[in-house]
Amino acid sequence: MVEIKKGLEDVYVKETEITYIDGQLGRLYYRGYSIFDLAEFSSFEETSYLLLYGTLPTKNELEDYSNKLRKYRTIPDNLKTFLKSLPTNLNPMDVLRTSMSYLGMLERGNDPDAQIRVIASIPTIIAYYHRITDGLEPVEPSEELGHAENFLYMLKGKRPTKEEANALDKALILHMDHEMNASTFAAIVVASTLSDLYSALVAGIAALKGPLHGGANYEALKMFMEVGDPNKAEEYVIERLRSGKRIMGFGHRVYRTYDPRARILKNIAREITKNTQYETLYEIAERIEQAAIKLLSGKGIFPNVDFYSGIVFYALGFRPEFFPTLFASARVVGWMAQVNEYLKENRIIRPKALYKGEVGKPYKPIDER
Ligand SMILES: CC(C)(COP(=O)(O)OP(=O)(O)OC[C@H]1O[C@@H](n2cnc3c(N)ncnc32)[C@H](O)[C@@H]1OP(=O)(O)O)[C@@H](O)C(=O)NCCC(=O)NCCS
């Protein structure tokens, strides 16, 4: 008897010391540290170090690592020329996927800093293309600023406020890793063949692009915009569910309760939209959440990371088509940490399919079919 686990649900593919999700209690830990503590006290630099190298850095280690991140922000000139040559209406995830492939093509040898360079250069690629599509001149990265601060600086051409930089910093921490999700698994499948780092990351980006994974933040924001008025939220949810559609940013394969990342993002979204033009969007989201929880919580369906992240990214000045690329800019850390861990005891991933067709059919020449 063969049991097929559709979607590989509940199938374990490796042991890990990186990320632990308690889907019943709604808890998430990176290397044993609670996501609530990391979002409150840590930084993009420190948490990415923690995920990649296994421990919280000392002062010197963090300084050394952060300096490298700053130094590697500049992307190669031929990639800049390539980005400038592109049409301005492309899907930014396609641009990011192709840029990653482009960087991989240019890489030579086995540079130990390649992973840090990837983390540092993704925001530059995203901000570059964002500004090009806005009809603006790209802004070169600054070596003076922190990771999130520099990202917003390259996007807007001016230094962000402390609150804005903090909001992005926390949002990126929350997206960094999530155990064996579809994009991480895709990256591991490629890495398990002993292909190169960039090819594995291209696979991760490709998988993250889908609306059931990293594309859901954009879809959620679209819902809020479609509703337009907080008083119409409940009716919208009822109608959407009645017509068989899903509430985007709700539901999760592992969490059967409120996603802890959504809890933190909700607070960030509330703070960052307060007294701004985005406040109504936040109110709509909150009202959709209340209505959807009433109808879906019985099935263990609650807000996930994508429900409020779109509002945060939007309020920070990113256009919705770019949201999945922001997710990728953080998740790349998790992809690499998980790939590194898998490769320590590598075995090529090669599952099986249960054949249900016929065998031994007589071959007919083409003019007899
Ligand atoms: C994330 C997701 C793909 C997980 O899917 P999954 O574990 O395979 O769960 P299933 O698709 O089998 O759904 C199980 C049940 O919950 C329902 N469901 C799941 N997510 C739902 C949602 N967002 N809205 C309404 N119903 C939902 C399904 O309709 C199904 O109901 P049924 O058993 O009556 O047919 C799914 O919840 C989803 O599509 N969510 C919306 C997209 C999203 O936010 N993705 C980001 C994930 S971080």
Side-chain angles (χ1 to χ4, degrees), residues 23 26 35-36 39 92 130 134 152 155-156 160-161 163-164 166-168 170-172 174-175 210-253 255-327:
I35 197 69
F36 292 111
H130 202 296
D134 284 337
L152 291 171
L155 179 77
K156 297 180 171 189
T161 64
E163 290 71 31
E164 288 169 330
N166 267 337
L168 183 61
K170 285 183 201 300
L172 295 179
L174 298 173
H175 285 84
L212 294 186
H213 193 4
N217 48 17
Y218 179 13
E219 300 298 325
L221 187 80
K222 271 202 235 164
M223 278 186 337
F224 310 152
M225 289 173 163
E226 211 178 305
V227 174
D229 174 352
N231 293 322
K232 294 188 181 150
E234 182 155 16
E235 187 192 325
Y236 175 88
V237 168
I238 293 169
E239 186 44 43
R240 195 175 166 100
L241 290 175
R242 198 169 43 211
S243 61
K245 289 192 190 142
R246 294 186 171 205
I247 304 298
M248 300 314 281
F250 258 68
H252 200 275
R253 178 63 66 79
Y255 294 114
R256 295 299 170 202
T257 182
Y258 212 113
D259 182 333
R261 302 166 300 172
R263 271 189 205 290
I264 303 168
L265 281 163
K266 183 177 178 178
N267 289 337
I268 301 173
R270 189 191 312 108
E271 290 308 311
I272 204 84
T273 56
K274 206 179 266 172
N275 302 323
T276 71
Q277 66 196 103
Y278 306 105
E279 202 164 15
T280 311
L281 271 182
Y282 175 79
E283 284 165 19
I284 294 168
E286 212 176 25
R287 297 279 285 274
I288 291 184
E289 181 199 325
Q290 287 161 5
I293 282 185
K294 254 197 245 167
L295 297 168
L296 295 172
S297 59
K299 283 191 186 177
I301 299 170
F302 290 87
N304 63 47
V305 68
D306 291 312
F307 195 72
Y308 285 104
S309 65
I311 298 186
V312 174
F313 295 148
Y314 197 51
L316 289 174
F318 291 98
R319 292 212 316 276
E321 317 82 271
F322 281 81
F323 296 170
T325 65
L326 302 174
F327 192 154

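Position 1 is the first residue of the sequence, and the numbers go up from there.
A search for side chain to side chain contact (heavy atoms under 4.5 Å, CB included) contacts involving Leu295 returns Val237, Ile238, Leu241, not counting sequence neighbours. With sequence neighbours left out, Thr257 forms a side chain to side chain contact (heavy atoms under 4.5 Å, CB included) with no residue at all. Under the rule for a salt bridge (Lys or Arg N to Asp or Glu O under 4.0 Å), Glu283 has no partner lying at least two apart in sequence or in another chain. Taking the ring-ring contact (aromatic ring centres under 6.0 Å, His included) definition, one finds that Phe322 meets it with His130, sequence neighbours left out. With sequence neighbours left out, the salt bridge (Lys or Arg N to Asp or Glu O under 4.0 Å) criterion links Arg253 to Glu9. Scanning for side chain to side chain contact (heavy atoms under 4.5 Å, CB included) contacts around Arg263 gives Phe36, Tyr258, with sequence neighbours left out. Evaluation of the side chain to side chain donor-acceptor pair (under 3.5 Å) rule for Asn304 yields no partner, not counting sequence neighbours. By the side chain to side chain contact (heavy atoms under 4.5 Å, CB included) test, Lys245 is found to be paired with Arg240, Ser243, residues two or more places apart in sequence or in another chain being considered.
Residue pairs that meet the salt bridge (charged side-chain N to carboxylate O under 4.0 Å, His left out) test with at least one member in residues 270-281, sequence neighbours left out, are Glu271-Lys274. Residue pairs that meet the salt bridge (charged side-chain N to carboxylate O under 4.0 Å, His left out) test with at least one member in residues 314-325, sequence neighbours left out, are Asp134-Arg319, Arg319-Glu321.
When every heavy atom of Ile288 is checked against every heavy atom of Met223, the shortest pair comes out as CG2-CE, 4.5 Å. In terms of heavy atoms, Ala262 sits closest to Pro303 at CB-O, 3.8 Å. Closest of all the heavy-atom pairs between Gly215 and Pro324 is CA-CG, 4.1 Å. Counting all heavy atoms, side chain and backbone alike, Pro211 lies closest to Glu219 at CB-CG, 4.3 Å. Closest heavy-atom contact between Ile268 and Lys170: CD1-CB, 3.6 Å. Summarising the geometry of Thr273 relative to Thr276, their closest heavy-atom pair is O-OG1, 2.7 Å, with the distance given to 0.1 Å.
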Item to complete: Carefully, step by step, assess Phe327 and Asp306 under the rule side-chain contact (heavy atoms from CB on, under 4.5 Å).
Response: CA-CA 9 Å; Phe327 192 154; Asp306 291 312; 3.8 Å; yes
Discussion item. Using side-chain contact (heavy atoms from CB on, under 4.5 Å), reason through Leu221 and Asn217 one step at a time and then give a plain yes or no.
Written reply: CA-CA 6 Å; Leu221 187 80; Asn217 48 17; over 6 Å; no
Discussion item. Determine whether Phe302 and Arg256 satisfy the following criterion, side-chain contact (heavy atoms from CB on, under 4.5 Å), listing intermediate values before the conclusion.
Written reply: CA-CA 7 Å; Phe302 290 87; Arg256 295 299 170 202; over 6 Å; no
Quick one: side chains of residues 308-318, donor-acceptor pairs under 3.5 Å with protein atoms, not counting sequence neighbours, listed by atom name and distance.
| from | atom 1 | to | atom 2 | distance (Å) |
| --- | --- | --- | --- | --- |
| Tyr308 | OH | Glu289 | OE1 | 2.5 |
| Ser309 | OG | Val305 | O | 3.3 |

Scan the side chains in residues 224-235 for donor-acceptor partners under 3.5 Å anywhere in the protein, sequence neighbours excluded, and list what turns up.
| from | atom 1 | to | atom 2 | distance (Å) |
| --- | --- | --- | --- | --- |
| Asp229 | OD1 | Asn231 | N | 2.9 |
| Asn231 | OD1 | Arg287 | NH2 | 3.1 |
| Glu234 | OE2 | Lys294 | NZ | 3.1 |

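Under the 4.5 Å side-chain criterion, counting only non-hydrogen atoms from C-beta, Tyr255 is in contact with Pro260. Contact of the Arg261 side chain with the His175 side chain is not registered, since no non-hydrogen atoms from C-beta on lie closer than 4.5 Å.
To the nearest 0.5 Å, atom CG of residue Leu265 and atom CZ of residue Phe307 are 12.0 Å apart. Residue Leu168 holds its CG atom at 5.0 Å from CG of Leu152, rounded to the nearest 0.5 Å.
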